[in-house]
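Below you'll find the structure, written out as structure tokens, and then a few comments.
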Amino acid sequence: MAWQLAAALIATQVASTAISVIGSRQQSKRIRAAAAWDRYQQDLQKKQEQIIANQEAADLLSYQRAAAGAGGGTIGTGTSLLLHDEAMQDLNDNLFWLERAYTTRLQRTNFEEAAALSEESYRRKAAIAQGAINIAGTAYKTDWSQSLFDT
């Protein structure tokens, strides 16, 4: 193989490897951005679920106060106090499980991001190794002793 052709082939292989590495880095950025977006969406969902749980608890307490007032009872004592405490305990339980679900979804997103980034890192390293092997093979097969000025 003429060394001029080999030099051009090696330059092409270097460029191809560089493009693969740059593409892999861009893919890693996209993976990070997608994971950040997922975390943002999960945070919004958590906040919406908390608002709904708080509103439901407030509606229940309002209904209990209205029922106690309509029945002529004293609000905040006796049975109404027990009902209030039970409603607050239910709210706390709901908020606890909402937080647990959020944490689980967040951990899954983080795990998926780490796995995708690890896979992309492996692909990037494999592209570099394959490029080096191709360049070494081309360089080995080339007769570099010929001069450019030989006719």
Report yes if the side chains of [X] and [Y] come closer than 4.5 Å at any heavy-atom pair, otherwise no.
X	Y	answer
Gln42	Thr109	yes
Ser20	Arg124	no
Leu61	Met88	yes
Trp97	Arg100	yes

Do [X] and [Y] sit in one hydrophobic cluster, given that two such residues count as connected whenever their side-chain heavy atoms are within less than 4.5 Å of each other, even indirectly?
X	Y	value
Ile22	Tyr122	no
Leu95	Tyr102	no
Ile128	Ile135	no
Leu44	Trp37	yes

Checklist line | Atom CZ of Arg30 with >12 non-hydrogen neighbours under 6.0 angstrom | finding: yes
Notebook entry, point to check: Just wondering, more than 12 heavy atoms not from Tyr40 lying within 6.0 Å of its OH?
Noted result: no
Notebook entry, point to check: What are the two closest non-hydrogen atoms of Ala53 and Leu91, and how far apart are they?
Noted result: O-CD1, 3.6 Å
Next item on the list: Taking all heavy atoms of Ala87 and all of Leu60, pick out the closest pair and write down the distance.
Entry: CB-CD2, 3.8 Å
Just verifying a value: how many Å separate [X] [atom1] and [Y] [atom2], rounded to the nearest 0.5 Å?
X	Y	atom1	atom2	result
Ile31	Gln27	CD1	CD	4.5 Å
Thr17	Asn134	OG1	CG	7.0 Å
Ser24	Glu119	OG	CD	10.0 Å
Ser28	Arg32	OG	CZ	5.5 Å

Any side-chain donor paired with an acceptor under 3.5 Å for [X] and [Y]?
X	Y	result
Asp59	Gln55	yes
Gln45	Gln41	no
Gln50	Asn54	no

Next item on the list: Inspect the contact between Arg39 and Glu113 and indicate whether a charged nitrogen and a carboxylate oxygen are less than 4.0 angstrom apart.
Entry: yes
Margin query: Quick test of your reading of the model: are Glu120 and Arg123 salt-bridged, counting only N-O distances below 4.0 Å?
Written below: yes
Notebook entry, point to check: Yes or no on side-chain hydrogen bond (donor to acceptor under 3.5 Å, both in side chains) for Gln89 and Asp85, after CA distance, side-chain angles and deciding distance?
Noted result: CA-CA 6 Å; Gln89 183 60 40; Asp85 288 346; over 6 Å; no
Check: Taking Thr103 for the side chain and Glu99 for the main chain, is one N or O donor matched with an acceptor at less than 3.5 Å?
Finding: yes
